[in-house]
Amino acid sequence: MENQTMISRRAWLGATSMAATAGLTGLYSPTVSSAPVKTPPLSAEEIAAIESAIGKKGTYNEAQAVHTIALPRNDLKIAIKSESVPISFGFGGWVSIKKTVDGKSAVLMSDTVLLQEEVNPLISAAQAAGLEVGAIHNHFFYEEPRIFYMHFHGMGSPAELAKKFALTIQDAKIAPANQPAPSAPASQTAKEIFDLSALDGIVKYAGVVNGPTYKYTVGRQNLTVMSMGAEMTAAIGLNSWASFAGTKANAHIAGDIAMLGHEVNTVIKVLRDHKLEVVAVHNHMLDEEPRMIFLHYYGKGAADELAKGFRAALDVLGKTPHGSHSNH
């Protein structure tokens, strides 16, 4: 029976509380980890079951043992400040599954892109299917139509989780079966639009071209962050990112910074110093350790200047806090 094999988030919380009393809290320490947690891999059969249930092929990150299926909103046309922006700029949701470190269960995390009227029907569908809501919030200002982002999570076997997610979204526009085919490729990709080598030199990472957009995704390698018995890594949503659209001289930037509590206001300051707008500060998960806060930002201007703001925010992360604030 599924109810017998499903491990709930509440049951995991109880188990970790018992582990803490037994002196096993080192696994959940917010300090720098010298021994990364090793996650058991998903098997080919488990990946096939995930893709069959959700109805779309995904991408398996072998190094992080995470399988992700993209959920772009190809049915929408988005404008920011009355300028059209591509869906790949920040309007693509996703669902990811990985195993817990003990291999006895798996964890699902998802971020869904929704119109206002779609939020509460999807909440009801998720709860009926056995998934939990982790967060609901905005990522942007000025967008038309108004978009909200809802995070789901759950525990169980990979196949069970995929079936629960498929049941949740079956009547929603975000379901792959309910999405139109992507529009024709843009006449120019980010390779032709931006000076990628210059941007990479500023950010000190290499980004990824996705049609007319260019995106950086940066994990928190200095932290071991656990949630529901699984290690949260860049491939399952614990990352800072920056996406570029528009043109080299008149670009849009949007992104997210993954922070410990003591880093939040310093990040806010450096973003404002670089004339980037702070859009939202919020959680994405409910019971991760250490507690992570996510900040969304937006800016418009020359691409290289926008990149400097993102790099300045990254430079804040991982530094020892000053004063009386703790890591939590």
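Numbers here simply count residues along the sequence, with the first being 1. Computed from a prediction, not measured in an experiment: that's the story for all the values here.
In this structure a side-chain-to-backbone donor-acceptor pair under 3.5 Å is missing from Glu305 to Ala302. For Lys56 (side chain) and Ala70 (main-chain N/O), a donor-acceptor pair under 3.5 Å exists by modelled atom type. In this structure a side-chain-to-backbone donor-acceptor pair under 3.5 Å is present from Lys98 to Glu231. Put simply, the side chain of Tyr60 gets close to the backbone of Leu42: a donor and an acceptor are under 3.5 Å apart. The backbone N or O of Met150 lies less than 3.5 Å from a partner atom in the side chain of Thr112, making a donor-acceptor pair. Under a 3.5 Å cut-off, the side chain of Asp102 and the backbone N or O of Gly229 do not form any donor-acceptor pair. Listed for the Ser243 side chain is a donor-acceptor partner under 3.5 Å among the backbone atoms of Phe89. In terms of modelled atom types and a separation under 3.5 Å, the side chain of Thr100 and the main chain of Ser105 share a donor-acceptor contact.
For Thr266 and Glu263, the side-chain atoms include no donor-acceptor pair closer than 3.5 Å.
Atoms CG and CD, on Leu122 and Gln127 in that order, are 10.5 Å from each other to the nearest 0.5 Å. In this structure, OH on Tyr149 lies 8.5 Å from NE2 on His296, to the nearest 0.5 angstrom. With rounding to the nearest 0.5 angstrom, the CD atom of Glu51 is 5.5 Å from the CD1 atom of Ile69.
Annotation for Ser240 and Ile257: closest pair OG-CA, 3.5 Å, computed over non-hydrogen atoms.
Side-chain contact between Leu317 and Val267 is present, with at least one heavy-atom pair separated by less than 4.5 Å. Two residues are said to be in side-chain contact when any heavy atoms from C-beta on lie closer than 4.5 Å; Ile80 and Phe141 fail this criterion. Between Arg73 and Gln179 the shortest side-chain heavy-atom distance falls below 4.5 Å.
Between Arg291 and the options Asn283, Val225, Leu260, a side-chain contact (heavy atoms from CB on, under 4.5 Å) holds for only Asn283. Considering His139, His151, His284 as possible partners of Phe294, the one that fulfils the ring pair (Phe, Tyr, Trp, His ring centres under 6.0 Å) test is His284.
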message = As a quick check of understanding, evaluate salt bridge (charged side-chain N to carboxylate O under 4.0 Å, His left out) for Glu144 and Lys81, giving each step before the final call.
response = CA-CA 8 Å; Glu144 299 172 8; Lys81 293 189 173 183; over 6 Å; no
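Comment: Asp304 does not engage Lys308 in a salt bridge, judged by the lack of any side-chain N to carboxylate O separation of less than 4.0 angstrom. A salt bridge links Glu83 and Lys300; the closest N-O separation between the charged side-chain nitrogens and carboxylate oxygens is under 4.0 Å.
Following chains of ILVMFWY side-chain contacts shorter than 4.5 Å, one can reach Leu271 starting from Leu199, so the two form part of one hydrophobic cluster. Residues Ile147 and Ile123 fall into different hydrophobic clusters, defined by Ile, Leu, Val, Met, Phe, Trp and Tyr side chains chained together at heavy-atom separations under 4.5 Å.
Other residues, nucleotides and ligands place more than 12 heavy atoms under 6.0 Å from the CD atom of Glu117.
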